[in-house]
Every structure is written in C-alpha cells, then in structure tokens.
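Model, not experiment: these values are computed from the prediction.
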Amino acid sequence: QAHLVESGGGLVQSGGSLRLSCAASGNIYSIKTLGWYRQAPGKQRELVARITDGTNTDYADSVKGRFTISSDNAKNTVYLQMNRMNPEDTAVYYCYARMLLRTNLDFSEYWGQGTQVTVSS
C-alpha cells in the first residue's frame with residue numbers, strides 16, 4: 001500500500017502565493033512521476049505540473065512562468081510553488097504519483113485526497 005498526503009492549500013488573494021506539499025509513503029521501491037492536477041467546479045481534472053525521473057518537468061500553459069514544481073527524492077515529496085495567483089487558479093488540487101511498490105510487478109498510479117485552493121479577487 002501507498003499513500004499521498006497533501007498540505008498547504010487555503011485561501012489567498014489575487015497576486016499572492018501558496019506552496020503545496022505532497023509526501024508519498026508506503027512500501028515504495030521507485031517513483032517515476034510526481035505531479036499535481038486540479039479540478040475546478042464543473043470542469044474536468046487537468047494537469048497542472050509534473051516531474052518525471054526527478055528532473056523532467058511539464059507545465060500547463062496556464063501556469064507556466066507562475067508555478068514551479070520540485071521534488072525531494074530523499075523524502076519522496078513533491079512541492080508546487082504557486083506565485084502570482086489569480087481566481088482562475090481556484091480548484092481542488094490533487095497530488096499524483098506513478099510508483100512501483102516492492103510488492104508489485106509494475107508501476108501504478110496513486111492520488112491524494114485533494115486540497116482546496118481558493119484565490120479571491
């Protein structure tokens with residue numbers, strides 16, 4: 001079993017910053033990808049940012065230049081630094097991981113419980 005635990009969500013004013021953290025725990029052998037998705041009311045879940053193999057990053061066009069994803073491999077933790085936030089960033093943010101557990105034969109996907117981020121105008 002593996003778990004993803006997120007922290008750092010909350011309420012921020014437009015133009016402000018927040019930092020999300022997500023720690024993976026469990027019988028982990030290897031982590032391929034760590035990332036963040038978000039889902040706003042009435043919309044589909046969308047990729048925000050992800051980091052693969054500890055170095056390769058991808059960002060949604062809407063957050064490029066404002067958000068930065070990073071990871072601490074020793075702590076199995078991924079961070080999302082969100083700057084210059086605007087009301088369109090309001091959503092539930094979900095941590096995502098593609099990991100191989102010691103008890104499994106292949107990589108599987110895991111999701112956190114989600115953390116609410118609200119940006120007021």
Side-chain angles (χ1 to χ4, degrees):
Q1 287 289 346
H3 297 90
L4 301 177
V5 179
E6 301 132 334
S7 61
L11 175 65
V12 64
Q13 288 188 335
S14 183
S17 299
L18 279 177
R19 188 190 194 211
L20 304 181
S21 300
C22 173
S25 63
N27 200 8
I28 301 169
Y29 178 77
S30 177
I31 298 178
K32 180 69 173 176
T33 302
L34 290 167
W36 294 92
Y37 285 70
R38 67 186 180 186
Q39 187 166 19
K43 295 187 177 181
Q44 290 188 331
R45 190 174 297 189
E46 64 175 1
L47 172 69
V48 178
R50 63 188 171 199
I51 184 166
T52 302
D53 295 329
T55 57
N56 299 318
T57 58
D58 294 297
Y59 293 92
D61 288 342
S62 59
V63 307
K64 284 181 180 177
R66 301 188 298 121
F67 292 9
T68 303
I69 190 169
S70 61
S71 63
D72 184 333
N73 295 333
K75 297 181 179 179
N76 290 337
T77 299
V78 62
Y79 306 95
L80 185 68
Q81 178 66 44
M82 304 183 289
N83 298 327
R84 292 186 283 125
M85 300 182 72
N86 57 63
E88 288 69 39
D89 296 320
T90 296
V92 177
Y93 284 67
Y94 296 91
C95 180
Y96 163 88
R98 183 169 174 81
M99 305 187 291
L100 176 64
L101 304 186
R102 289 185 172 86
T103 54
N104 293 359
L105 298 178
D106 201 356
F107 286 85
S108 298
E109 297 181 338
Y110 299 86
W111 293 91
Q113 78 283 1
T115 183
Q116 178 68 46
V117 171
T118 302
V119 184
S120 63
S121 57

(message) Using the rule given for side chain to side chain contact (heavy atoms under 4.5 Å, CB included), can you reason through N76 versus I31, listing the C-alpha separation, both sets of side-chain angles and the distance that settles it, and then say yes or no?
(response) CA-CA 8 Å; N76 290 337; I31 298 178; 3.5 Å; yes

(message) If you count every heavy atom of other residues, nucleotides or ligands that lies below 6.0 Å from Q13 atom CD, does the total exceed 12?
(response)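 Incorrect, the count does not exceed 12.
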
(request) Can you establish whether the number of heavy atoms outside Q44 located under 6.0 Å from its atom CD is more than 12? (result) no

(message) With side chain to side chain contact (heavy atoms under 4.5 Å, CB included) as the criterion, how do M82 and L20 come out once you've worked through the C-alpha distance, each side chain's angles and the decisive distance to 0.1 Å?
(response) CA-CA 8 Å; M82 304 183 289; L20 304 181; 3.7 Å; yes

Separation of [Y] [atom2] from [X] [atom1] (nearest 0.5 Å):
X    : Y    : atom1 : atom2 : value
R38  : Y94  : CZ    : OH    : 13.5 Å
R50  : T33  : CZ    : OG1   : 7.0 Å
L34  : Y79  : CG    : OH    : 11.0 Å
S108 : K32  : OG    : NZ    : 14.5 Å
I28  : Y110 : CD1   : OH    : 8.5 Å
Q113 : H3   : CD    : NE2   : 10.5 Å

Shortest non-hydrogen contact from [X] to [Y]?
X   : Y    : answer
I51 : S71  : CD1-OG, 3.7 Å
A2  : L101 : CB-CD2, 3.8 Å
G35 : I69  : CA-CD1, 4.0 Å
S17 : R84  : OG-N, 4.3 Å

(request) Say whether R102 and Y29, considering side chains only, have a donor N or O and an acceptor N or O under 3.5 Å apart. (result)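 R102 vs Y29: no donor-acceptor pair found between side chains.
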
(message) Looking only at the side chains, is there a donor atom on one of N86 and S14 sitting less than 3.5 Å from an acceptor on the other?
(response)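 The criterion, which ignores hydrogens and geometry beyond distance, is not satisfied for S14 and N86.
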
Would you say [Y] ends up clustered with [X] if hydrophobic residues are merged whenever their side chains have heavy atoms under 4.5 Å apart, either directly or through other cluster members?
X    : Y   : answer
M99  : V78 : yes
V117 : Y59 : yes
V119 : L11 : no

(request) Kindly write out the residues that satisfy salt bridge (Lys or Arg N to Asp or Glu O under 4.0 Å) with D72, not counting sequence neighbours, or none if the list is empty. (result) none

(message) The criterion is salt bridge (Lys or Arg N to Asp or Glu O under 4.0 Å); which residues satisfy it with D106, sequence neighbours excluded?
(response)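 Here no residue qualifies.
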
(request) Determine, step by step, whether W36 and C95 satisfy the side chain to side chain contact (heavy atoms under 4.5 Å, CB included) criterion, reporting the C-alpha distance in whole Å, the side-chain angles of both residues, the deciding distance to 0.1 Å, and the verdict. (result) CA-CA 5 Å; W36 294 92; C95 180; 4.0 Å; yes

(message) Quick check: do R45 and Y96 have side-chain heavy atoms less than 4.5 Å from each other?
(response)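 A side-chain contact under 4.5 Å is absent here.
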
(request) Would you check if the side chain of E6 reaches a backbone N or O of C22 as a donor-acceptor pair within less than 3.5 Å? (result) no

(message) Which residue in the set V48, V63, L18 passes side chain to side chain contact (heavy atoms under 4.5 Å, CB included) when paired with L80?
(response) V48

(message) Once you measure the plane-to-plane angle for Y93 and F67, does it fall in the parallel (<30°), tilted (30-60°) or perpendicular (>60°) bin?
(response)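 Geometry flag for F67 against Y93: tilted rings.
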
